[in-house]
Every structure is written in C-alpha cells, then in structure tokens.
Amino acid sequence: MGVYTVFRPAQRRYPVTSDPTPADTAADTATAHAHHGYITSKEDYLKRLRRIEGQSRGLQRMVEEEKYCIDILTQVSAMTKALQAVAMGLLEDHISHCVVDAAVAGGPEAEAKIKEATDAIARLVRS
C-alpha cells in the first residue's frame with residue numbers, strides 16, 4: 001500500500017468546556033448515538049465522494065476511448081488513494097466519536113465498538 005493523504009474534513013468535534021456530570025454524559029451519549037461521527041463533516045465527505053464518482057466516470061470514458069493502459073492505471077491509482085483517504089477520515093471520525101462514546105459508557109457496547117473498529121482497520125489494511 002502506498003502513501004496517501006488522509007482526508008480531514010474542515011469541521012471538527014465540539015469542544016469540551018468542563019467536566020460533564022453523569023446526567024450530561026447520559027444525555028450526550030443518547031444524542032451522540034442519534035448521529036454518526038461523520039455527521040458534522042457530511043457535506044465535506046459528499047463533496048469528496050462526488051469527486052471520486054467523477055473520477056470513476058472518467059476512467060470509464062478512458063476505457064471506452066481506448067486510452068493507453070498506463071494512463072488508465074495512473075487514474076485508477078489516484079482514485080484508489082482518494083477512496084483510502086475518505087476511508088481513513090471516516091475511521092478517524094468513528095473512533096473519536098462512536099468508539100470513544102461507547103468506551104465512556106463502558107460495558108458490552110464498548111467491547112463491541114472496539115471490535116468493530118479493529119475489524120474495519122483489518123479490512124482497510126488488507127485492501
């Protein structure tokens with residue numbers, strides 16, 4: 001696997017201004033689980049995915065127009081790197097939002113979220 005840039009959306013997490021009370025934590029956990037970790041950067045992800053979709057259409061056009069193999073492979077590599085960058089950004093959001101929230105809550109949900117994240121990392125490493 002080559003070197004690629006991690007897609008980092010412009011918007012980041014909400015800042016913590018004080019130590020939460022147990023009531024705050026319960027309310028935040030309920031709210032957090034109502035949304036996915038990427039929700040604050042949804043438009044950034046959609047923009048990036050639309051760009052990748054355009055790259056895919058360009059690849060199809062290159063094959064239809066019988067372009068040189070190496071040129072097509074170069075574009076496949078660029079598209080793959082773009083998808084990997086989106087995947088890494090989503091993984092980072094998932095860990096810093098969903099996994100952290102579950103870890104704070106503890107119990108079987110925390111173990112399940114950690115296992116889920118580990119499995120996702122393993123899939124990304126294999127790809």
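Along the sequence shown, the residues carry numbers beginning at 1.
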Subject >> Separation between CG of Leu83 and CD1 of Ile52, rounded to the nearest 0.5 Å >> reply: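 One finds 4.0 Å between CG of Leu83 and CD1 of Ile52.
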Original post:
Do the side chains of Ile95 and Val125 join up, straight or via other hydrophobic residues, at under 4.5 Å, putting them in one cluster?
Top reply: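 Hydrophobic grouping puts Ile95 with Val125.
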Original post:
Would you call Lys115 and Glu111 a salt bridge, using N to O less than 4.0 angstrom?
Top reply: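 Answer for the salt bridge query: no.
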Subject >> Main-chain N/O of Leu73 paired with Ser77 side-chain donor or acceptor, under 3.5 Å >> reply: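 It does not hold such a pair.
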Original post:
When rounded to the nearest 0.5 angstrom, what is the spacing between CE in Met88 and CG in Asp93?
Top reply: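 Separation between the atoms: 11.5 Å.
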**OP:** Could you tell me whether Asp119 and Arg123 make a salt bridge, using a distance below 4.0 angstrom between a side-chain N and a carboxylate O?
**Re:**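 Between Arg123 and Asp119 there is no salt bridge, as every charged N stays at least 4.0 Å from the carboxylate O atoms.
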Original post:
Where do Arg57 and Glu53 land on the salt bridge (charged side-chain N to carboxylate O under 4.0 Å, His left out) test, with the steps shown first?
Top reply: CA-CA 6 Å; Arg57 285 191 303 272; Glu53 182 181 21; 3.6 Å; yes
Subject >> Pair Leu46-Lys42, side chain to side chain contact (heavy atoms under 4.5 Å, CB included): steps then yes or no >> reply: CA-CA 6 Å; Leu46 288 172; Lys42 179 180 173 181; 4.0 Å; yes
Original post:
Do Glu116 and Lys113 meet the salt-bridge criterion of a basic N to acidic O distance under 4.0 Å?
Top reply: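 Looking at Glu116 together with Lys113, the answer is yes, because their closest N to O distance falls below 4.0 Å.
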Original post:
Under 4.5 Å between any side-chain heavy atoms of Leu90 and Val86, yes or no?
Top reply: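 A side-chain contact under 4.5 Å exists here.
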Subject >> Pairwise distance OG(Ser56) to CG(Leu49) - rounded to 0.5 angstrom >> reply: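 The OG atom of Ser56 sits 12.0 Å away from the CG atom of Leu49.
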**OP:** Would you give the length of the straight line joining atom OG1 of Thr74 to atom CE of Met79, rounded to the nearest 0.5 angstrom?
**Re:**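 Those atoms lie 14.5 Å apart.
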**OP:** Calculate, to the nearest 0.5 Å, the distance between atoms CD1 and NZ belonging to Ile72 and Lys67 respectively.
**Re:**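 If I round to the nearest 0.5 Å, the distance is 9.0 Å.
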Subject >> Spacing of Ser41 atom OG and Lys47 atom NZ [to the nearest 0.5 Å] >> reply: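 Reported to 0.5 Å precision, the distance equals 11.5 Å.
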**OP:** List the atom of Ala110, the atom of Ala102, and the distance in Å for their closest heavy-atom pair.
**Re:**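 Closest approach of Ala110 to Ala102, heavy atoms only: CB-O, 3.3 Å.
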**OP:** Compare every heavy atom of Ala87 with every heavy atom of Leu124, then report the nearest pair and how far apart it is.
**Re:**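 Closest heavy-atom pair between Leu124 and Ala87: CD2-CB, 3.6 Å.
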Subject >> Close side-chain approach of Glu65 and Arg61, heavy atoms under 4.5 Å >> reply: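 A side-chain contact under 4.5 Å exists here.
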